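A quick note: this is a predicted structure, and the numbers were derived from the prediction, not measured.
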Amino acid sequence: MNQKKIGAFIAECRKRKKLTQLELAEKLCVTDRSVSNWENGVCLPDASLYRLLCDILQISINELFAGEFVCDENYKNVADENLLILLEHRLYDTTSKEISFDEFHDYLRKISEISLLLQRFEDKQQAIAYLVNETGASEEECASAYDIYMRIFDYK
């Protein structure tokens with residue numbers, strides 16, 4: 001992730017919404033100095049602010065991490081890359097011997113592919129039926145997984 005690029009993108013999106021740094025800061029319950037630091041690439045917003053920031057700026061979390069608007073045909077590739085970068089730098093614990101990074105990477109790619117596939121079903125029940133058929137998991141497990149995928153990738 002490129003903090004400077006993300007910061008410039010936050011500034012661009014804020015200006016498109018005709019918000020000042022102070023107005024955005026007030027909506028996020030932070031200082032305008034914090035917003036200035038993000039926009040200048042000094043630091044990134046706290047992870048707890050990502051969803052609200054994206055909602056206010058009307059961008060996806062994927063676009064925030066990419067630091068640019070992402071077209072539909074590139075969405076999957078950009079999502080994979082953003083998730084991998086986040087996991088490599090923050091979430092993946094290299095001290096754990098239960099799963100290798102390559103295995104984790106493979107699972108992450110499958111999750112991304114499944115999430116894109118699931119948004120194409122006409123309704124939730126069709127998607128759940130597909131998951132039950134493909135995985136052999138219970139309907140309850142698949143319904144839960146579906147809800148998680150939709151929430152994580154912010155699909156409507």
Worked verdict on Leu53 versus Leu24 for side-chain contact (heavy atoms from CB on, under 4.5 Å):
CA-CA 8 Å; Leu53 177 63; Leu24 178 59; 4.1 Å; yes
For Glu139, I'd like to know if atom CD has over 12 heavy atoms of other residues, nucleotides or ligands within 6.0 Å.
no
Could you tell me which residues satisfy side chain to side chain donor-acceptor pair (under 3.5 Å) with Lys124, sequence neighbours excluded, listed by chain and number?
Asp147
For Lys27, give me all partners under side chain to side chain donor-acceptor pair (under 3.5 Å), at least two apart in sequence or on another chain.
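Residues passing side chain to side chain donor-acceptor pair (under 3.5 Å) with Lys27: none at all.
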Count I, L, V, M, F, W, Y as connected when their side-chain heavy atoms are under 4.5 Å apart, and connections chain through other members. Are Val42 and Tyr50 then in the same cluster?
no
Please say yes or no: joined through hydrophobic side-chain contacts below 4.5 Å, possibly via intermediate residues, are Leu22 and Ile10 part of one cluster?
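Shared cluster, no.
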Checking Glu141 side chain against Ser138 main chain: does a donor-acceptor pair fall under 3.5 Å?
yes
Between Glu63 and Ser60, is any pair of side-chain heavy atoms under 4.5 Å apart?
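The answer is yes; the side chains approach within 4.5 Å.
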To check you understand the geometry: which heavy-atom pair defines the closest contact between Asn40 and Lys4, and what is its length?
O-NZ, 3.2 Å
Looking only at non-hydrogen atoms, find the nearest pair between Leu28 and Leu49 and report the distance.
O-CD2, 3.7 Å
If I take atom [atom1] from residue [X] and atom [atom2] from residue [Y], how far apart are they, to the nearest 0.5 angstrom?
| X | Y | atom1 | atom2 | result |
| --- | --- | --- | --- | --- |
| Gln21 | Thr31 | CD | OG1 | 10.0 Å |
| Leu57 | Leu64 | CG | CG | 8.0 Å |
| Ile6 | Cys43 | CD1 | SG | 11.5 Å |
| Cys29 | Leu52 | SG | CG | 8.0 Å |
| Ile128 | Glu140 | CD1 | CD | 11.0 Å |

What pairs meet the ring-ring contact (aromatic ring centres under 6.0 Å, His included) rule with one or both residues in residues 20-44, with sequence neighbours excluded?
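Every pair satisfying ring-ring contact (aromatic ring centres under 6.0 Å, His included) with a residue in residues 20-44: there are none.
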Sorted by first residue and then second, give each ring-ring contact (aromatic ring centres under 6.0 Å, His included) pair with at least one member in residues 4-23; sequence neighbours left out.
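The answer is Phe9-Phe69.
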Just jot down the side chain to side chain contact (heavy atoms under 4.5 Å, CB included) partners of Ala25, sequence neighbours excluded, or say none.
Val30, Asp32, Val35
Residue pairs passing the salt bridge (Lys or Arg N to Asp or Glu O under 4.0 Å) test with at least one member in residues 9-26, sequence neighbours excluded, are Glu12-Arg16, Arg14-Glu39
